[in-house]
Every structure is written in structure tokens, then in C-alpha cells.
Amino acid sequence: ELNRRRRDLPWERVEKSYSFEGPAGRQSLAELFDGRSQLIVYHFMFDPSWAAGCPHCSFWADNFNGIIVHLNQRDATFVAVSRAPLPKLVAYQRRMGWTFKWLSSFESDFNADFNVSFSPQAVTEKRAYYNYTTQDPFSTEREAVSIFHKDASGRIFHTYSAYRSEEHTSELQSRETISYAVFCLK
């Protein structure tokens, strides 16, 4: 029933052009699909001013390398995206021993547009739109998983996002979101 209700949610067409910096240089959102119809983006908390990534996100990222082959078999590409500049991401990724694709959205609206990055003013005022409601963001960065679909004509749709909430852990929401993307859209 839950998966049926998720499939019935409206898909929002992504009209804006987004650019990311990664191991292959600059890539558009469309290029991140890597020939597949689904894209799973983990919004990894890493503010440009921070020396290291979020410890919570890092814990989950320790498990990303092993799932990618399974997602690819289900027509899904997985990437992580953070606002920190690419050199910081590369250094941290090397330190942690990760090999998954991690991209920088530095100086892009991508994270703000998908409600995972917030201005210092929003943090001070304890008022930002996160997890489909206005609340205290607690930080300039928050974690989430967003799912995108690219149709045969190349149009991109944002189909679903899961955010951390007090009622659920990120682990639960990430599992549900990945399950939705991999097993329910097809």
C-alpha cells in the first residue's frame, strides 16, 4: 500500500539546469544518470566551510560502495552530492577509503532547491523548509535522499525525496527510498 501511494505522488519536472563537479569534470544532472532511467542522489552533509563531512552521513557512506552494483542492475545510478568544493570531497573520500561517485554542487542552487541547504539566517531564525514542513534546520546542511527519473525523450522528473525526521531514522528512510526507486517504479 505504501509503495502504491508513493507511485501515485506527482512527479515534478526538473526544468532548471544544474551543474556538478566530479571525477569526470563538470556534468549536468542529465549526465549523472549514466545511461540509466533512475538516479538516486544522497544529499551528503558537507558545508563548504567545514573541515570534514558529517559523521552521521559518513557512517552511512561506509555502506555505499557495496550497493551500487545492485542498483545498477535495477536501472538506477547512485551518486552523493555535497556543497563543499570538490578538492575537499576528494581529500575526505580518500581519507575514508570510499570509491562511490561523489560530486560537488558548490556555487549551485541544487541543494537549496531540494531543501537540504539553508542560509545562516534560516539557521539563526530556526526556520527553514525541510522534510515537507517549516522547522528548525539545526544546521546549514541536512541529509536526504532524492530520486529522479529520466524518460526516453530526456526529460527529467523529481519523483521522491526522503528526509531525516524525529519519527524515522535516516537508515529506515534511505532503505524505503531506495526500495521505492529500484522496485516500485518499474
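This is a predicted model, so every value here is computed, not measured. Index from 1, following the sequence. Values reported hereafter were calculated over all heavy atoms of this structure, with side chains retained and with hydrogens, waters and symmetry mates removed.
In the displayed structure, Arg13 atom CZ is contacted under 6.0 Å by more than 12 heavy atoms of other residues, nucleotides or ligands.
Within the 3.5 Å criterion, the main-chain N or O of Ala84 finds no donor-acceptor partner in the side chain of Ser82. Under the 3.5 Å distance criterion, the side-chain polar atoms of Asn65 are matched with a main-chain donor or acceptor of Thr99. Side chain of Glu125 to main chain of Ala122: no donor-acceptor pair is present (N/O by atom type, distance under 3.5 Å, no hydrogens or angles).
Between Tyr18 and Phe20, the two ring planes are tilted [angle within 30° to 60°]. Using a 30° and 60° split on the angle between ring planes, Phe110 and Phe114 fall in the tilted class, from 30° to 60°. Aromatic ring pairs are classed by plane angle as parallel below 30°, tilted from 30° to 60° and perpendicular above 60°; the pair Tyr92 and Phe46 is perpendicular. Classified by interplanar angle (parallel below 30°, tilted 30° to 60°, perpendicular above 60°), the ring pair Phe44/Trp102 is tilted.
With sequence neighbours left out, the side chain to side chain donor-acceptor pair (under 3.5 Å) criterion links Trp98 to Asp62. Residues that satisfy the salt bridge (Lys or Arg N to Asp or Glu O under 4.0 Å) test with Asp113, not counting sequence neighbours, are Lys16. Qualifying side chain to side chain donor-acceptor pair (under 3.5 Å) partners for Ser108, counting only residues two or more places apart in sequence or in other chains: none.
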Test log, rule side chain to side chain contact (heavy atoms under 4.5 Å, CB included), inputs Tyr42 and Phe78: CA-CA 8 Å; Tyr42 181 77; Phe78 177 90; 3.8 Å; yes

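Taking the six-membered ring wherever Trp is involved, the centroid distance between the rings of Trp11 and His149 falls below 6.0 Å.
Rounded to the nearest 0.5 angstrom, Arg83 CZ and Ser49 OG are separated by 8.0 Å. Put simply, CZ on Arg36 and NZ on Lys150 are 11.0 Å apart, with the number rounded to the nearest 0.5 Å. Distance check: Thr77 OG1 to Phe33 CZ gives 8.0 Å after rounding to the nearest 0.5 Å.
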